Amino acid sequence: MKYVKFGTYTGEENMQIDSGLLDEAIETQAQEPIFRLYAWKPRCISLGRNQKDDFLHANNVKEDVVRRLTGGRALLHDDEITYSYITPVSIIPDGETISASYKYISGILIDFFKTLGVELDFGGGSKGVNFGPMQAPHTKGSMKFDYCMLISTGADVCYQGRKIIGSAQYRKQGYILQHGGILFGYDKELLESLFHEEVTKESITTVKDILPDMTKEEFVRRFEDFILTR
């Protein structure tokens with residue numbers, strides 16, 4: 001597996017790097033997966049590929065905003081570590097199947113957390129919603145969920161039923177780009193002011209909640225060591 005060293009970039013730069021790595025893999029017909037860890041500065045909202053942005057105007061959002069190649073709902077990239085994984089579909093068992101590819105790639109994240117003594121599993125039911133990873137609806141009755149972390153699907157990774165990693169995919173010419181946010185911490189008041197949705201500890205959790213003594217620097221270092229041994 002090729003590892004791209006951790007770095008901190010603007011939202012636009014992060015999306016350009018992921019897009020460039022995907023295009024390079026396609027052009028060279030790379031058979032080795034690429035794994036990247038990164039952070040964002042300044043904090044930034046990313047929108048899913050086909051997500052409407054009307055809530056940004058309705059809520060008078062002033063944050064930097066970018067649009068992802070991948071689908072899903074909005075994420076605030078603030079106190080988190082983001083990963084991206086690029087791979088040819090052909091090297092994943094049953095990789096043409098969306099659910100199989102999510103489980104294969106997200107399994108890498110689950111295996112890493114096991115090295116920290118943390119057992120994670122796949123989502124599917126936060127706030128009573130259980131949409132598949134490629135489905136578009138995001139309403140329950142009259143309630144609308146623009147913030148990605150409030151919805152838990154089979155594409156996501158949870159700790160004791162609470163979402164900690166949200167992921168999404170994009171496919172192009174036989175290759176997959178999957179990326180997502182690993183919540184390290186969050187600002188409840190900021191999230192609720194941006195998305196006008198209640199954020200509770202029953203819905204989401206963070207690395208800080210589970211491993212309060214873990215620093216972000218140590219988390220990245222241990223993740224890098226884990227990836228380099230695969």
Side-chain angles (χ1 to χ4, degrees), residues 1-51 53 56 61 63-92 95 101-102 104-109 112 133 147-149 155-157 164-186 207 216-230:
M1 185 184 303
K2 178 181 177 181
Y3 175 66
V4 178
K5 187 172 178 61
F6 176 83
T8 301
Y9 306 94
T10 67
E12 184 177 356
E13 288 169 338
N14 275 322
M15 296 300 92
Q16 288 176 345
I17 292 170
D18 278 350
S19 180
L21 288 171
L22 174 62
D23 287 343
E24 181 181 358
I26 293 170
E27 182 178 349
T28 62
Q29 288 296 287
Q31 294 302 299
E32 182 182 27
I34 303 168
F35 190 91
R36 176 177 172 241
L37 288 174
Y38 54 96
W40 310 63
K41 189 174 181 178
R43 68 189 181 209
C44 178
I45 292 174
S46 72
L47 301 175
R49 184 178 182 86
N50 300 309
Q51 182 183 15
D53 63 359
L56 295 174
V61 171
E63 311 297 315
D64 283 359
V65 178
V66 295
R67 189 169 292 278
R68 304 188 303 268
L69 281 174
T70 58
R73 300 163 183 82
L75 277 170
L76 174 66
H77 304 284
D78 184 13
D79 192 4
E80 73 165 52
I81 301 294
T82 308
Y83 80 92
S84 64
Y85 185 89
I86 295 166
T87 181
V89 175
S90 59
I91 72 170
I92 297 177
S101 62
Y102 269 113
Y104 179 90
I105 298 169
S106 296
I108 297 169
L109 309 176
F112 165 65
Y147 178 46
C148 174
M149 296 302 287
D156 303 313
V157 177
I164 187 171
I165 306 172
S167 300
Q169 281 189 9
Y170 173 65
R171 293 180 175 228
K172 182 179 180 181
Q173 298 179 33
Y175 282 76
I176 296 171
L177 163 64
Q178 178 171 313
H179 60 192
I182 305 168
L183 273 184
F184 207 85
Y186 65 89
V207 175
K216 197 172 291 185
E217 292 75 18
E218 182 183 0
F219 182 87
V220 170
R221 179 185 60 78
R222 293 183 66 167
F223 210 152
E224 288 178 333
D225 290 345
F226 171 79
I227 291 298
L228 291 171
T229 63
R230 291 182 71 88

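Nothing here was measured: the structure is a model prediction, and the numbers come from that model. Just so you know, these numbers use all the heavy atoms, side chains as well, and skip hydrogens, waters and symmetry mates.
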| query | Who are the side-chain contact (heavy atoms from CB on, under 4.5 Å) partners of Glu13, not counting sequence neighbours? | reply | Tyr9, Thr10
| task | Of all the heavy-atom pairs spanning Ala30 and Pro88, show the shortest one and how long it is. | result | O-CG, 3.7 Å
| remark: Here the gap from Asp23 atom CG to Gln16 atom CD, rounded to the nearest 0.5 Å, amounts to 11.5 Å
| Check against side chain to side chain contact (heavy atoms under 4.5 Å, CB included), Met1 and Ile227 | CA-CA 8 Å; Met1 185 184 303; Ile227 291 298; 3.8 Å; yes
| Between Phe35 and Phe223, is the gap from one ring center to the other below 6.0 Å? | yes
| task | Enter the distance from Ile86:CD1 to Ile176:CD1 here, rounded to the nearest 0.5 Å. | result | 11.0 Å
| Neighbour count >12 (heavy atoms, 6.0 Å) for atom CD, Glu12 | no
| said: If you compare all heavy atoms of Ile92 against all heavy atoms of Ser101, which two are closest, and at what distance to 0.1 Å? | reply: CG2-CA, 4.1 Å
| With no hydrogens and no angle check, is any side-chain donor or acceptor of Gln31 less than 3.5 Å from a backbone partner on Gln29? | yes
| said: Let me confirm one number: the CG-OG1 distance from Leu183 to Thr82, rounded to the nearest 0.5 Å. | reply: 9.5 Å
| query | Are the side chain of Asp78 and the backbone of Cys44 linked by a donor-acceptor contact shorter than 3.5 Å? | reply | no
| task | Walk me through it: do Arg68 and Asp18 pass the test salt bridge (Lys or Arg N to Asp or Glu O under 4.0 Å)? | result | CA-CA 10 Å; Arg68 304 188 303 268; Asp18 278 350; over 6 Å; no
| field | Matching residue for Asn14 among Arg36, His77, His179 - test: side-chain contact (heavy atoms from CB on, under 4.5 Å) | value | Arg36
| Aromatic ring centroids of Phe219 and Phe112 under 6.0 Å? | yes
| query | Under the 3.5 angstrom rule, does the side chain of Arg67 hit a backbone N or O of Gly48 as a donor-acceptor pair? | reply | yes
| query | About how many Å separate CD1 of Ile165 and CG of Leu109, when rounded to the nearest 0.5 Å? | reply | 4.5 Å
| said: Would the distance check show the side chain of Thr28 and the main-chain N or O of Glu24 forming a donor-acceptor pair, the cut-off being under 3.5 Å? | reply: yes
| Minimum-distance pair of heavy atoms, taken over all atoms of Thr87 and Pro33 | OG1-CG, 4.1 Å
| request: Could you verify whether a donor N or O on one side chain and an acceptor N or O on the other, from Ser84 and Tyr38, lie under 3.5 Å apart? | output: no
| query | Any side-chain donor-acceptor pair under 3.5 Å between Glu224 and Tyr3? | reply | yes
| message | Please find the pair of heavy atoms, one from Val157 and one from Ser106, that lie closest to each other, and give the distance. | response | CG2-CB, 3.9 Å
| So, for Arg49 and Leu69, which heavy atoms are closest and what is the spacing to 0.1 Å? | CD-O, 3.1 Å
| message | Could you check whether any side-chain heavy atom of Asp79 comes within less than 4.5 Å of a side-chain heavy atom of Lys216, counting everything from C-beta outward? | response | yes
| said: Can a donor-acceptor pair be found, under 3.5 Å and without considering hydrogens, that links the side chain of Gln51 to the backbone of Ala74? | reply: yes
| message | Looking at every non-hydrogen atom in both residues, tell me the closest pair between Thr70 and Tyr170 and how far apart they are. | response | CG2-N, 3.6 Å
| Ile108 side, atom CD1; Tyr83 side, atom OH - distance, nearest 0.5 Å | 8.5 Å
| field | Distance in Å, Trp40 CH2 paired with Glu80 CD, rounded so as to fall on 0.5 Å steps | value | 7.0 Å
